[in-house]
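Report on the following structure.
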Amino acid sequence: PIEMILNVEPLNRPQREALVGFIVIQRLRNPHFIQSLTSSLGATLGPEVKFEDKAYMRAVYETLYSQNDFYDKLARPILHSRWVIARSTSPDFVLPDVCNLFGEHAGKRFVLMPLTPRDCLIVLPIKLTQLRIVPHYILVSEAMSRDI
């Protein structure tokens, strides 16, 4: 699906869902997310939980993959939002260690996911009114690519 998006090829529903799954799984498996999860659990659960116990923390982390409601809360906004591929004529997009960035604007989720140094998938915090099989493609200026 990533190659198809880069080549401006239409995605069918299973391909779109596979790409959303990839985005969510990359979010869950990166060390930055795991560290923030551990920190927030520590603040919530208190000192009685032994975060130094690697086996325990791995078991806690692995339960995320079986939490369908949690996965749905991450995936649904991506699947049903407007997608844009921002293209730059120069290699301006830095491929981050965390793979993608999730954020919120006006209570709605957005995602930035550089795919190549010249292409960045942006999931806008705008709900789709009708499903598009090809995202919007925009050529961004140097200033816009810096902002992204």
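Counting from 1, the numbers follow the sequence of the chain as shown.
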Applying the 4.5 Å side-chain criterion to the ILVMFWY set and letting contacts propagate, would [X] and [Y] be lumped into a single cluster?
{"X": "L139", "Y": "I148", "value": "no"}
{"X": "V8", "Y": "V123", "value": "yes"}
{"X": "V84", "Y": "M144", "value": "yes"}

Return the [atom1] to [atom2] distance between [X] and [Y], rounded to the nearest 0.5 Å.
{"X": "R146", "Y": "S88", "atom1": "CZ", "atom2": "OG", "value": "10.0 Å"}
{"X": "L115", "Y": "E3", "atom1": "CG", "atom2": "CD", "value": "11.0 Å"}
{"X": "T129", "Y": "R82", "atom1": "OG1", "atom2": "CZ", "value": "6.0 Å"}
{"X": "C120", "Y": "I138", "atom1": "SG", "atom2": "CD1", "value": "9.5 Å"}
{"X": "L121", "Y": "L6", "atom1": "CG", "atom2": "CG", "value": "9.5 Å"}
{"X": "M4", "Y": "N12", "atom1": "CE", "atom2": "CG", "value": "6.5 Å"}

Review point. Is the number of heavy atoms from other residues, nucleotides or ligands under 6.0 Å of N7 CG greater than 12?
Key: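 For N7, atom CG is crowded (more than 12 foreign heavy atoms under 6.0 Å).
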Exercise for review: For F110 and I126, run side-chain contact (heavy atoms from CB on, under 4.5 Å): C-alpha distance rounded to whole Å, both residues' side-chain angles, the deciding distance at 0.1 Å, then the answer.
Suggested key: CA-CA 8 Å; F110 69 87; I126 301 170; over 6 Å; no
Could you report the tightest heavy-atom contact between [X] and [Y], atom names first, then the distance?
{"X": "L79", "Y": "R16", "value": "O-NH2, 3.2 Å"}
{"X": "P77", "Y": "D72", "value": "CD-O, 4.0 Å"}
{"X": "P10", "Y": "Q15", "value": "O-OE1, 4.0 Å"}
{"X": "Q26", "Y": "N100", "value": "CB-ND2, 4.1 Å"}
{"X": "I122", "Y": "A86", "value": "CD1-CB, 3.9 Å"}
{"X": "F93", "Y": "V140", "value": "CZ-CG2, 4.2 Å"}

Check your understanding: Would you say Y71's side chain and I25's backbone share a donor-acceptor pair under 3.5 angstrom?
Key ->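 It does not hold such a pair.
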Practice item. Output yes when a side-chain donor or acceptor of T116 lies under 3.5 Å from a complementary backbone atom of R118, and no otherwise. Key: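 Answer holds: yes.
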Practice item. Taking only Lys NZ, Arg NE, NH1 and NH2, and the carboxylate oxygens of Asp or Glu, determine whether K108 and E104 approach each other closer than 4.0 Å. Key: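 No, this pair does not count.
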Exercise for review: Show the numbers, then the answer: is there a side-chain contact (heavy atoms from CB on, under 4.5 Å) between V134 and W83?
Suggested key: CA-CA 9 Å; V134 177; W83 293 8; over 6 Å; no
Is the closest side-chain heavy-atom distance between [X] and [Y] below 4.5 Å?
{"X": "L11", "Y": "E9", "result": "no"}
{"X": "F22", "Y": "R27", "result": "no"}
{"X": "I23", "Y": "V111", "result": "yes"}

Review point. F102 and R109: side-chain contact (heavy atoms from CB on, under 4.5 Å), yes or no, with the steps?
Key: CA-CA 7 Å; F102 279 49; R109 172 143 349 259; 3.3 Å; yes
Practice item. Take I5 and D119 through the test side-chain contact (heavy atoms from CB on, under 4.5 Å) and record every step on the way to the result. Key: CA-CA 10 Å; I5 278 186; D119 300 284; over 6 Å; no
